[in-house]
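So that the names make sense, note that chain A is the first sequence line, chain B the second, and so on, each numbered from 1. Values below: all heavy atoms of this structure, side chains included; hydrogens, waters and symmetry mates excluded.
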Number of protein chains: 2
Amino acid sequence: MAKGKIQKKSGYHHGNLRGQLVNAAGRLIEQNGPDGFSMSDACRLAGVSTAAPYRHFSSKQDLLTEVAMDGLRRLGEDMERQASGHPRGTVQSIAAIGRAYVGFAIREPHTFRLMFSTKEHAGRIDELKAVGRGSYGVLLREVAGYLGEPEINETVLRWSFPLWTQVHGLSFLSIDGKLEVTDFPVDINESIYIATERLLPAME
Amino acid sequence: MAKGKIQKKSGYHHGNLRGQLVNAAGRLIEQNGPDGFSMSDACRLAGVSTAAPYRHFSSKQDLLTEVAMDGLRRLGEDMERQASGHPRGTVQSIAAIGRAYVGFAIREPHTFRLMFSTKEHAGRIDELKAVGRGSYGVLLREVAGYLGEPEINETVLRWSFPLWTQVHGLSFLSIDGKLEVTDFPVDINESIYIATERLLPAME
DNA sequence: TTAACTATGTTATCGTTGTTAACATATGTT
DNA sequence: AACATATGTTAACAACGATAACATAGTTAA
């Protein structure tokens, strides 16, 4: 994202095919969804033959996994950034993390779905899990602060999990267009704040 | 599901191809996921040519939509059944609905995903939404009972929505294997009960 | 009974896709 | 300059979704 400059291939060789394929894949996935995405499309977009990607990725899934991991990292950054705009360890900062989470899902629904789908990433689940754990840490630290816990212990884990569950569910319901099923206008930010409050212990 | 008897084609014509295709599709999807599912596989399983399904379904997506709607209906039935095992309008009955929801997701993860994916069902979203609304009603009625509301009004809707969000998130995290990211053993039923309690107003 | 109609199959074929093998050309190292 | 390695290409494959042209079964009306 935010690449802009499309690098032209200067002849037989390309220069930065790997990066540009991830880039193209990201854009195409956001347009057509992970299923609608085809390796051939990405090749056309990058101006190379359909066999070229296999010098950089062992399969289509492999490329998708790359896109997913990139997304997970960016999600973590978003959460960190949003949280830092509020006093640490408060309902506000924790709700801000939730807003970042759902916001990402709404902004890049297909990538978000890809990030949390198992089947596409067979064989590299551990890698993916590690990146995910990193991003989850942002929430854990904030909750630890709220609870006044000096480190990330089981208490922190127990209070954090329902918060994750909540925003995760809200994300999916949003991007799958299920909010209309509820028959009343859901204000996402309000939803997040209310649930965050209810799912945390009152602290003084 | 629970079909068992595989109907043999008695010659040129088949007898119940439509039903058997939905059936086969359901089974195959649960094995390989909606993406791994191929029309051809379903045909092989039903013992017909690859062109035959198009007498009954306009496209592969159309068949998948059928499977999804069937799933939504069965989910509603599950919830109803589980709720009815408890005193109406209690935390217990509401938590039971949640357990039915997550239970379905875990039992038929691929079908569950299919039920809540938008892209596969382009053009028939309204149909799907109607079926979904029906199943959601089970929760709404139970919450109305808990709140002592005589009908499903906005108050009921407002208290119900976070409950849905919660179990929906828990479902997806479960079937996507993300529970391990939390680093402590999540007891799903306990999770549901705790969150249900916290997300409902204390009623006396 | 038979003729016509409709529903539901088949075979043959198309374009697209993911992937691999065999080959070609750059780039970097000795 | 010679070679090794990285990175492209072209050609081919099987599998898939879908359509068209054709065949047969079941149903209805004369």
Practice task
Look at all strands and tell whether B:Thr50 reaches a base, only sugar-phosphate, or nothing, counting heavy atoms closer than 4.0 Å.
Solution key: base

Practice task
Describe the nucleic acid contact of A:Ser38 in one word from base, sugar-phosphate, nothing, applying a heavy-atom distance below 4.0 Å.
Solution key: sugar-phosphate

Exercise for the section: For C:dG18, take OP1 and OP2 only and decide whether either is under 4.0 Å from a side-chain N or O of A:Ser40. Expected result: yes

Handout entry: OP1 or OP2 of D:dC16 under 4.0 Å from side-chain N/O of B:Arg44
Key = yes

Interatomic distance, [X] [atom1] vs [N] [atom2] [rounded to whole Å]:
X: B:His56; N: C:dA7; atom1: NE2; atom2: C1'; answer: 9 Å
X: B:Tyr54; N: C:dT10; atom1: OH; atom2: C1'; answer: 15 Å
X: A:Asp62; N: C:dT20; atom1: CG; atom2: P; answer: 12 Å
X: B:Asp41; N: D:dG17; atom1: CG; atom2: C1'; answer: 13 Å
X: B:Leu21; N: C:dT8; atom1: CG; atom2: P; answer: 12 Å
X: A:Leu28; N: C:dT17; atom1: CG; atom2: P; answer: 11 Å
X: A:Asp35; N: C:dT17; atom1: CG; atom2: P; answer: 14 Å
X: B:Met39; N: C:dT10; atom1: CE; atom2: P; answer: 13 Å

Completion exercise
Per atom distances to the A:Ala52 side chain, the nearest of D:dT9, D:dA18, C:dT10 is D:dT9

Fill in the blank from the handout: Of C:dT20, C:dT19, D:dA18, the nucleotide closest to the side chain of A:Lys60 is C:dT19

Handout entry: Residue pair A:Trp164 / A:Tyr101, side-chain donor-acceptor N/O under 3.5 Å
Key = yes

Practice task
Report yes or no: do B:Glu149 and B:Asn153 form a side-chain donor-acceptor pair below 3.5 Å?
Solution key: yes

Practice task
Output, in order, the C-alpha distance, side-chain angles, deciding distance and verdict of salt bridge (charged side-chain N to carboxylate O under 4.0 Å, His left out) for A:Arg88 and A:Glu80.
Solution key: CA-CA 11 Å; A:Arg88 311 309 297 240; A:Glu80 185 67 55; 3.5 Å; yes

Handout entry: Check: B:Pro162 and A:Ser191 side chains under 4.5 Å, non-hydrogen atoms
Key = no

Practice task
Start with the C-alpha gap between A:Phe172 and B:Thr165, add the side-chain angles, then the distance that decides, and say whether side chain to side chain contact (heavy atoms under 4.5 Å, CB included) holds.
Solution key: CA-CA 9 Å; A:Phe172 270 105; B:Thr165 304; over 6 Å; no

